[in-house]
Amino acid sequence: MATDQKAGFAQVFPEYENPFVGPEAPDREMIQRCIHCGFCGTSCPTFTLLGNEMDSPRGRIYLMRMVTDGEMAPNETVMKHLDRCLDCRACETACPSGVPYGSLIEAAREGLEKVRKRPLSVRILRRILFRWLLPNRVLLNLAGVATRLYQTTFLKSMVRGLGLLPKKLAELEPMMPEAPPVSSMRALPAEVAAIGEEKYRVAFFGGCIQSTLFGDVNRAAIRALAANGVRVVFPASQTCCGALQAHAGDREAARILARENIDAIDAGEFDAVILAVSGCGAMLHEYKDLLAEDPVYASRAEAFSDKAMDVTVFLARIGVREAHHPEPRKIAYHHPCHLFHALKVRKEPLEVLSAIRNVESVPLNESDWCCGSAGSYNLTQTEISMRLLDRKMGHVKDSEAPVVCTGNPGCQIQIAFGARERDMDLRVVHPVVLLDEAYEAEGVYRNATLP
Amino acid sequence: MDSAGFIQKLTDAVGEDYIHTDPVALRTYDCDGLTIYKGIPSAVVLPETTEEVSRIVGICREYRVPLIARGAGTGLSGGATPLPGGVLIVFTRMNKILELDYVNRLARVQPGVVNLHLSRETLPHGFHYAPDPSSQAACTIGGNTAENAGGAHCLKYGMTTNHILEMTVVLPTGEVVHLGADGEDSPGLDLRGFFVGSEGTFAVITELIVRLTPNPESVRTMLACFAQVGDACRTVSDVIAAGAVPAAMELMDRYTIEAVETVVQAGYPKDAEAVLLIELDGLPSSIKPLETLIRDISEKNNCSSFRIAQTEEEREGLWMGRKKAFGAFGVIAPTYYCLDGTVPRSKLAQVLEEFDEISARYNLRITNVFHAGDGSLHPNVLFDDRVPGETERAIECGSEVLRACIRAGGVLSGEHGIGIEKIREMKDQFDEPTLEIMERVRDAIDQDGLMNPGKLIPDEENVFPVALGGAIARMGGGMTK
């Protein structure tokens, strides 16, 4: 079948190979599940903004179908519209036929990498970023320190003032997140004991960018877990989860990392594998699909994926300990796409927030809409990303909340950037950080050894 | 024809960002929600104003190129399927709510406004837009108007035509006219009523004034389950005969229940042969006796269980199953073909039995999920378009289903429109003189035959090429969906 498909394609489009053949290609049966009803359109941020059928989930599935069936060449127009997808998976929530759109688009992107003509410099950059930098804690921390130096010394004003950056970089430079002090990049302790009676034992997954830029969130999560009777183990040989690689079409890199993580964390030994970073969480859940064809790792990947859990889900399930936050405040909760649409985690973060007395959750319009961050989308599709951010910041403004809570570093960076650009006095914070602050203020952590 | 000049003029009219002529882009517009027939347009334009639409229509007329309007492309009769080579005018950018007037209970909207978005905007103010097709989260009010769409709550509140007060349209000449008035009555010919449901064969809609309906004081939603489809059908006609008009009364058969439960877990019992989803709305004091009446009638007709939603969440769950039923067929079958013949309520049971017989003869499964209260059926023929010949068989099977509806004293279409899909059967529905007057009216307005040609009214000179002579030749080499 696959050979026929390949041969037929070569006849029609001699200048292309069919990128969508083989076990890793978009699943033709799942493409067939799309009944072309169009219910997904209004859920899709890019269709809503652009109004083009090719920029809707239905249109993109149609393109995949036609390339798969050899009726269309995987040319630049096809790529343009598939590249514009945020992979936010809001369409999966809207779809009445259960089309697994996320896995279709990722498989399509992997396929397109085979036929895409990227300049050598870009290919080298991608390789450095995906295969070397993200999986390497030391390099990543060095980059974090360099960013910190740049942002806190005369360097930034000098570079900006002299216009030293090329145009595209100058445009992206302000989007750089504020790097934290070096102390927050330090490694997590190998083990943290539960405060009081130990009821659960979990492994903690740090995440690469999260550990460098949001190490404090990880530590807050670990402290809050300890306060809820959880012993937290941090297996040191874990690495980057592979999500950015997979979204960008380098699923092979993601597979390599997945195997490393499965080897590093013996999931069977723990009640759960906990994360405080939702983008990675969705990826860990996908390991079972990513490695489904791997004879050695398939079953271990499944066990691993089943154990992965967002910190808010775990806390909500075990019945999170209540606390009183010292400062009364209104917060607006923004749903990270991968938590809301991919993992269907909707109520738990709000349950955790409602355990904090003195914190009032106010409605945020379109809180389940992508903020435009979407992995590296804000770097590759800056214009659309900024239009989405503008929409998001408008809703944040309307909510009148001085704090936005959200569980993903990408969203945090994007929304914080939006606030800086608009001179808004806005705090953007992971829900578990507020919980941690409340525990701290109540003295829950007294006499405990914590990170 | 000077096609470069033609495209250049269109580009000047809308701006180069809002015209598509790339073959890849055009291909994604080759059909709407009905995927059996396809046609590839020569250009897709996305105008922003009535003036731009008027200019586009003028250019098409000058070059004698057919034009087709499209909202969200969710229609099920092929109303927005492009005539090959025609120009497709897409309304996704004309999606603004221009004015909300709660005192006079009306809204002024552009045609690309999504049906549910209007209600979402007005609900907190105590109003909603009543016609609610199952696709309401995606379909547009312009498309609804062109097709005179229905919906579950149209049993009590009426079809789209009952909610359109005034429309601004661009005539085939490019002239802009306003039909109807923003009050309850307008003097002169009722051209508004005339244009609603004309499926884009008269003019292109560019603005609408629609009625806003006050939200009901209270709502009760119930689910009655039956071991026999016939018992469920009898319940429907008995309820209406007893003088009650629920806001909605929906029937779903066993296959539908199976599909729905696989996808959304709406809480329908999997062992039932049919369920009735019934909704009452109004003052609590008026609902209570109706609720008792419906329960009594259901029990008299051997219902196996009867449940009333106790919370808003439970109510939404029950409706979720109904709203997502069509999509759910994608899970139990590779392809489906949804029809919308309508029959008198008293004939429901008899017609469903006839469908069973047709289904057996064609060896294709037919599922039923429909607006039972007004006899508006939705038989779905399930098939696999990848099996050679099966698409053609499904179309023939569908045609027999429609003829069965007509024989039972019903009509071809309850709410999806005729489009290309049911154009052959128009001759089964109407006699020669009736069809002729329709044709003469259309020709008087669209003298050049450029407005969505080949749809709605059968016309020997203007047959949509894919359905030529009744034989079905699919475009694009064997693709459905």
Side-chain angles (χ1 to χ4, degrees), chain A residues 8 12 28-44 46-82 91-100 347 363 365-366, chain B residues 17-18 20 22-35 44 46 70 72-76 88 90-95 112 114 116-117 134-135 137-139 259-260 262-264 320 323-331 333-336 338 384-386 476-481:
Chain A
V12 190
R28 187 63 182 79
E29 283 302 308
M30 291 301 132
I31 289 178
Q32 185 78 20
R33 262 203 186 179
C34 171
I35 53 161
H36 211 261
C37 67
F39 283 24
C40 50
T42 44
S43 74
C44 175
T46 58
F47 177 70
T48 304
L49 285 189
L50 304 167
N52 299 324
E53 181 71 16
M54 314 74 82
D55 293 313
S56 76
R58 173 172 74 172
R60 292 187 178 114
I61 292 172
Y62 213 59
L63 295 179
M64 290 182 218
R65 176 183 173 128
M66 268 179 278
V67 174
T68 304
D69 292 354
E71 293 188 35
M72 192 180 274
N75 61 19
E76 276 179 21
T77 317
V78 171
M79 288 191 202
K80 174 167 110 184
H81 297 296
L82 294 183
C91 49
E92 288 187 27
T93 301
C95 179
S97 304
V99 176
K347 289 182 190 155
N365 195 10
E366 292 185 346
Chain B
D17 287 346
Y18 302 110
H20 299 301
D22 185 299
V24 168
L26 296 179
R27 192 62 191 273
T28 62
Y29 285 98
D30 68 5
C31 64
D32 55 15
L34 175 77
T35 54
V44 173
L46 289 77
R70 168 174 162 132
T74 55
L76 292 167
L88 195 65
V90 176
F91 282 90
T92 44
R93 290 177 70 223
M94 289 180 69
N95 61 352
V114 171
L116 191 62
H117 290 183
S134 293
S135 57
C139 64
V260 165
T262 311
V263 178
V264 289
M320 175 75 81
K323 296 268 174 190
K324 293 209 168 179
F326 289 103
F329 292 137
V331 179
T335 321
Y336 76 84
C338 171
D384 189 341
D385 62 302
R386 294 165 299 181
M479 294 181 315
T480 20
K481 290 214 275 188

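Order of the sequence lines sets the chain letters (A, B, ...), proteins ahead of strands, with each chain counted from 1. The shown structure was predicted, so the numbers you read here are calculated from the model rather than taken from an experiment.
- When all heavy atoms of B:Ala328 and A:Ser97 are compared, the closest pair comes out as N-OG, 4.4 Å.
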TODO: Please assess A:His81 against B:Thr28 for the test side chain to side chain contact (heavy atoms under 4.5 Å, CB included), listing each intermediate value before the final yes or no.
DONE: CA-CA 11 Å; A:His81 297 296; B:Thr28 62; over 6 Å; no

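- By the 6.0 Å contact criterion, CE on A:Met79 is enclosed, its count of non-hydrogen atoms from other residues, nucleotides or ligands being greater than 12.
- Distance check: A:Tyr62 OH to B:Asp30 CG gives 3.5 Å after rounding to the nearest 0.5 Å.
- Looking at B:Phe326, the atoms closer than 4.5 Å to chain A (heavy atoms on both sides) all sit in the backbone: N, CA, C or O.
- Checked against salt bridge (charged side-chain N to carboxylate O under 4.0 Å, His left out), B:Asp32 has no partners two or more places apart in sequence or in another chain.
- In this structure, the portion of B:Ala72 lying under 4.5 Å from any heavy atom of chain A is its backbone and not its side chain.
- Heavy atoms closer than 4.5 Å to chain B are found in the side chain of A:Arg58, but not in its backbone.
- Nearest approach of B:Ala138 to A:Gly38, heavy atoms of both residues: CB-O, 3.4 Å.
- In this structure, the side chains of A:Glu53 and B:Val90 stay at 4.5 Å or more apart for every pair of heavy atoms.
- Atom OG1 of A:Thr42 sits about 8.0 Å away from atom CG of B:Leu116, to the nearest 0.5 Å.
- For A:Leu50, the part lying near chain B is the backbone, with the side chain staying farther off; criterion is any non-hydrogen pair under 4.5 Å.
- For the side chain to side chain contact (heavy atoms under 4.5 Å, CB included) with B:Lys324, the qualifying choice from A:Pro96, A:Cys95, A:Cys37 is A:Pro96, the only one to do so.
- In this structure, chain A has heavy atoms under 4.5 Å from both the backbone and the side chain of B:Val24.
- For the set B:His20, B:Lys323, B:His117, B:Met320, the count of heavy-atom pairs under 4.5 angstrom toward chain A peaks at B:His20.
- Between the side chains of B:Asp384 and A:Gln32, no donor-acceptor pair is found at a separation under 3.5 Å.
- When each of B:Gly33, B:Ala25, B:Ser134 is scored by its heavy-atom pairs under 4.5 Å with chain A, the top score falls to B:Ala25.
- Proximity to chain B (any heavy atom under 4.5 Å) is shown, for A:Asn52, by both the backbone and the side chain.
- Using a 4.5 Å heavy-atom threshold, the side chains of A:Ile35 and B:Tyr336 count as touching.
- Every residue two or more places apart in sequence or in another chain that forms a side-chain contact (heavy atoms from CB on, under 4.5 Å) with A:Lys347 is listed here: A:Glu351, B:Glu313.
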TODO: Check step by step if side chain to side chain contact (heavy atoms under 4.5 Å, CB included) holds for B:Arg27 and A:Met54.
DONE: CA-CA 9 Å; B:Arg27 192 62 191 273; A:Met54 314 74 82; over 6 Å; no

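- Proximity to chain B (any heavy atom under 4.5 Å) is restricted, for A:Ala94, to the backbone atoms N, CA, C and O.
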- [ ] Test B:Cys139 against A:Phe39 for side chain to side chain contact (heavy atoms under 4.5 Å, CB included), laying out the working first.
- [x] CA-CA 8 Å; B:Cys139 64; A:Phe39 283 24; over 6 Å; no

